[in-house]
Chemist: 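Below is a structure I'd like to ask you about.
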Amino acid sequence: MRTGDVWIKLKKFMDTPARNAFFAAAILALLAHLPIMMSDIPNHDGLASVYFDQNMVTSGRWFLTVACGISSYFTLPWLIGLLGIFYLSLAAVVLVKFLELKRTSTVVLVSGLLVTFPAMASVFAYVFTLDGYMLGLLLAVLAPFCVKAYKNGFVLGGVCLAFSLGIYQAYLPFAMLLSLYGVVTRLLEERSVREKVSGILKYIYMGGIGVGLYYLLLQVLLFIQGKELASYQGISGMGTVEKTGLIESLKMIYSDFGAFTFRGNVLFQNPFSLISLVVLVLLAAVALLGLVRCRKLWKSPWFYVASVVILALAPLCTSVILIISPDVTYHLLMRHQWVLYLILAAAFVEKYWTREGKALWSAQWLLLFALSTLVLCYTVTDQIAYSNLEKKYEKTYALCVRLADRMEQTPGYEKDMPVAMIGVVGDEQYPETDVTGHVTSNMIGMGGDYLLYTRTNYQAFFKHYLGITMELVSDEEMLKIYDSPKYREMGSFPAADSVQVVDGVLYVKLENREVD
């Protein structure tokens with residue numbers, strides 16, 4: 001293909017809606033996430049990832065090291081943030097093309113939902129891996145798009161899905177939910193039964209190719225590197241249900257889906273976002289009823305069968321990670337796909353209300369109100385989270401400076417002597433001062449007062465932010481010291497006896513424990 005032909009195809013692809021999506025996503029993402037990009041504020045995991053080669057093959061993320069290697073393996077918030085926003089903006093373009101959105105306001109606000117949803121704040125808190133994850137998201141959105149856009153696109157879509165999984169398995173629900181929406185729209189098209197079935201099967205082929213290729217490459221790379229899947233987040237139990245059984249696993253999935261949707265404190269946190277969600281749901285419901293009446297779908301038994309199947313599949317597609325990794329800790333970082341319900345509702349209203357000739361002028365304003373209010377509410381949530389993350393860093397820095405000074409002033413202290421400490425900050429000595437709990441309670445790493453949860457967190461913070469190296473005793477020795485009478489009798493920091501030198505080891509007690 002000649003260069004000129006490529007340029008023509010690219011210009012055709014990047015039509016007005018696509019350009020609007022790209023620039024809206026880029027600008028709104030910058031506005032929402034600039035505070036974290038302009039700072040070097042780590043979360044608890046970021047303390048040990050100032051430099052990290054991202055070789056996570058034992059967690060099934062065999063392509064993450066390549067995806068993150070583009071920006072180097074150093075934590076560079078500005079560079080990584082820009083690269084991540086670029087991938088995210090491309091994902092918005094692909095999403096708009098897949099959903100066939102044309103109206104400028106819908107395109108802009110759908111892109112805004114994608115980039116401001118609070119799960120993005122959690123991803124930005126893990127900035128050291130942000131660019132890789134956003135590339136994974138882009139590939140996950142590309143997978144169903146390829147199926148829809150090209151005759152045999154399920155092959156290319158399968159490859160995209162495999163590499164997306166190789167970056168982060170948590171973006172599989174994006175591909176599955178978009179594929180499910182593609183199936184719905186295919187069923188609603190005026191086509192023969194054969195054409196509808198053929199189109200639906202292509203999404204299944206894409207999924208089979210993607211998962212199969214992912215697993216094959218994973219096994220090959222594990223063999224080459226002589227490694228096995230780790231137990232972290234239950235990844236070594238990938239695809240197994242022996243512990244609970246299939247029925248219990250399904251119950252857990254539906255229960256988790258309902259709990260996060262209605263009580264997760266993310267989709268809505270205040271009356272404004274709740275009202276907007278209600279308006280959006282009502283608009284989609286009215287559009288569906290109009291479509292059913294217009295096409296007389298209520299006369300077809302298959303309509304009811306398909307509706308039940310689709311409603312049953314949606315939670316499974318959303319929380320499929322609980323099948324892949326049954327023991328996973330399912331935090332907000334892995335729940336970005338919930339934003340698709342808002343986006344798909346908006347797309348459904350535009351496609352099946354306006355195009356069926358049933359649109360009311362007021363309905364467009366209601367849609368505009370609902371989407372813009374949600375974007376605003378989510379942006380405010382992101383800012384609250386970033387504000388508290390910065391405060392957590394400042395409090396941690398102040399605590400560690402005081403602690404380092406006490407350690408160095410302790411009689412008998414010598415540089416490079418082994419240190420025995422527990423990494424929990426006592427809540428009696430330092431009462432909670434975080435005022436964002438009602439907002440950040442489900443935003444991993446954003447709530448609370450300190451970045452420090454383990455003794456290795458202290459070690460990393462001392463090294464990277466105070467310039468102090470600290471040698472910790474081994475885990476086995478720490479267990480013995482922890483249960484020793486001497487350690488148990490010590491007061492918790494900042495008590496006068498909370499830091500002592502005992503037999504050539506610096507004892508540091510930070511947590512509360514009553515003496516029996």
Side-chain angles (χ1 to χ4, degrees), residues 22 25-26 29-30 33 36-94 115 119-143 156-172 174-175 210-211 213-230 232-233 235 333-334 336 445 460 463-464:
F22 182 88
L30 279 172
H33 306 296
I36 199 75
M37 293 171 59
M38 294 291 289
S39 307
D40 183 5
I41 307 174
N43 69 356
H44 55 285
D45 279 350
L47 293 174
S49 300
V50 174
Y51 178 88
F52 181 31
D53 65 9
Q54 299 290 350
N55 185 357
M56 299 282 286
V57 66
T58 57
S59 294
R61 306 173 199 172
W62 45 261
F63 195 60
L64 184 60
T65 184
V66 178
C68 291
I70 297 173
S71 61
S72 84
Y73 297 126
F74 291 94
T75 298
L76 308 172
W78 178 248
L79 175 60
I80 293 174
L82 286 179
L83 193 54
I85 288 176
F86 175 71
Y87 294 144
L88 193 58
S89 300
L90 290 179
V93 171
V94 177
V115 304
M120 277 303 306
S122 286
V123 179
F124 266 92
Y126 286 80
V127 67
F128 57 90
T129 194
L130 165 73
D131 51 344
Y133 282 5
M134 291 302 96
L135 179 57
L137 174 59
L138 171 60
L139 290 170
V141 175
L142 270 172
L156 180 58
V159 174
C160 289
L161 180 60
F163 280 84
S164 174
L165 291 170
I167 294 174
Y168 196 32
Q169 301 92 334
Y171 292 121
L172 174 60
F174 266 85
V211 173
L213 181 59
Y214 160 75
Y215 191 75
L216 175 62
L217 291 174
L218 172 60
Q219 295 304 315
V220 169
L221 291 171
L222 285 171
F223 175 78
I224 291 174
Q225 298 186 33
K227 297 179 179 179
E228 296 180 352
L229 287 176
Y232 173 73
Q233 289 286 47
I235 196 65
L333 194 69
M334 306 174 182
H336 196 174
K463 177 180 179 181
H464 297 303

Chemist: Going by the rule side chain to side chain contact (heavy atoms under 4.5 Å, CB included), which residues pair with Ala460 if we only count those two or more places apart in sequence or in a different chain?
Modeler: Leu47, His464

Chemist: Without swapping roles, check the side chain of Thr75 against the backbone of Ser49 for a donor-acceptor pair under 3.5 Å.
Modeler: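 Here the side-chain-to-backbone pair exists.
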
Chemist: Measuring only between side-chain heavy atoms, which start at C-beta, is Ile167 closer than 4.5 Å to Leu64?
Modeler: yes

Chemist: Who pairs with Tyr87 by side chain to side chain contact (heavy atoms under 4.5 Å, CB included), at least two apart in sequence or on another chain?
Modeler: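 Expected list: Ile70, Leu83, Asp131, Met134, Leu135, Leu138.
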
Chemist: Just jot down the ring pair (Phe, Tyr, Trp, His ring centres under 6.0 Å) partners of His44, sequence neighbours excluded, or say none.
Modeler: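 Result, ring pair (Phe, Tyr, Trp, His ring centres under 6.0 Å) vs His44: Tyr453.
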
Chemist: May I have the step-by-step check of side chain to side chain contact (heavy atoms under 4.5 Å, CB included) for Leu137 and Val141, ending in yes or no?
Modeler: CA-CA 6 Å; Leu137 174 59; Val141 175; 4.3 Å; yes

Chemist: Any non-hydrogen side-chain atom of Thr129 less than 4.5 Å from a side-chain atom of Ile80?
Modeler: no

Chemist: Not counting sequence neighbours, which residues clear ring pair (Phe, Tyr, Trp, His ring centres under 6.0 Å) with Phe74? List them please.
Modeler: Tyr51

Chemist: Return the minimal non-hydrogen interatomic distance between Gly136 and Ser164, and the atom names on each side.
Modeler: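 Reported closest heavy-atom pair: O-OG, 2.7 Å.
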
Chemist: Glu228: which residues meet the side-chain hydrogen bond (donor to acceptor under 3.5 Å, both in side chains) condition with it, sequence neighbours left out?
Modeler: none

Chemist: List the residues meeting side chain to side chain contact (heavy atoms under 4.5 Å, CB included) with Leu79, not counting sequence neighbours, and say none if there are none.
Modeler: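 With neighbours one apart ignored, the set is Ser71, Leu76.
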
Chemist: Are any of the side-chain heavy atoms of Leu229 and Leu218 separated by less than 4.5 Å?
Modeler: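 Result yes, sub-4.5 Å side-chain heavy-atom pair found.
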
Chemist: For a quick test of reading the model, state the closest non-hydrogen atom pair linking Tyr214 to Gln169 and the distance between them.
Modeler: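 Tyr214 and Gln169 have their closest heavy atoms at OH-NE2, 3.0 Å.
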
Chemist: Taking all atoms of both residues into account, what is the closest heavy-atom pair of Ser39 and Pro77, and its distance?
Modeler: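 Here Ser39 and Pro77 meet closest at O-CG, 3.3 Å.
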
Chemist: Using the ring pair (Phe, Tyr, Trp, His ring centres under 6.0 Å) criterion, which residues pair with Phe63? Sequence neighbours excluded.
Modeler: Phe163

Chemist: Listed by chain and number, what are the ring pair (Phe, Tyr, Trp, His ring centres under 6.0 Å) partners of Phe124, not counting sequence neighbours?
Modeler: His33

Chemist: Tell me, please, which residues at least two apart from Thr65 pass side-chain hydrogen bond (donor to acceptor under 3.5 Å, both in side chains).
Modeler: Tyr73

Chemist: Can you classify the ring geometry of Tyr171 versus Tyr168 as parallel (below 30°), tilted (30 to 60°) or perpendicular (above 60°)?
Modeler: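 Plane angle over 60°, so perpendicular.
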
Chemist: Once you round to the nearest 0.5 Å, how far does CD1 of Ile36 lie from CD1 of Ile41?
Modeler: 4.5 Å

Chemist: Which pair of non-hydrogen atoms, one from Gly81 and one from Leu130, has the smallest distance, and what is that distance?
Modeler: CA-CD2, 3.7 Å

Chemist: Please name all residues satisfying side-chain hydrogen bond (donor to acceptor under 3.5 Å, both in side chains) with Tyr133, sequence neighbours left out, ordered by chain then number.
Modeler: Arg61

Chemist: In Å and rounded to the nearest 0.5 Å, what is the CG to OH distance from Leu333 to Tyr126?
Modeler: 6.0 Å

Chemist: What closest approach, in Å, do Gly210 and Ala162 show between heavy atoms, and which atom pair accounts for it?
Modeler: O-CB, 3.4 Å

Chemist: Quick check: do Val220 and Ile224 have side-chain heavy atoms less than 4.5 Å from each other?
Modeler: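 Yes. Closest side-chain heavy atoms under 4.5 Å.
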
Chemist: Restricting to non-hydrogen atoms, name the atom on Ala140 and the atom on Ala175 that form the minimum distance, rounded to 0.1 Å.
Modeler: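 In terms of heavy atoms, the two residues are closest at O-CB, 3.5 Å.
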
Chemist: Taking side-chain hydrogen bond (donor to acceptor under 3.5 Å, both in side chains) as the definition, give me every residue that meets it alongside Lys463, ordered by chain and number, with sequence neighbours left out.
Modeler: none

Chemist: For Leu30, what residues pass the side chain to side chain contact (heavy atoms under 4.5 Å, CB included) criterion, not counting sequence neighbours?
Modeler: Leu34, Met37, Leu82, Ile85

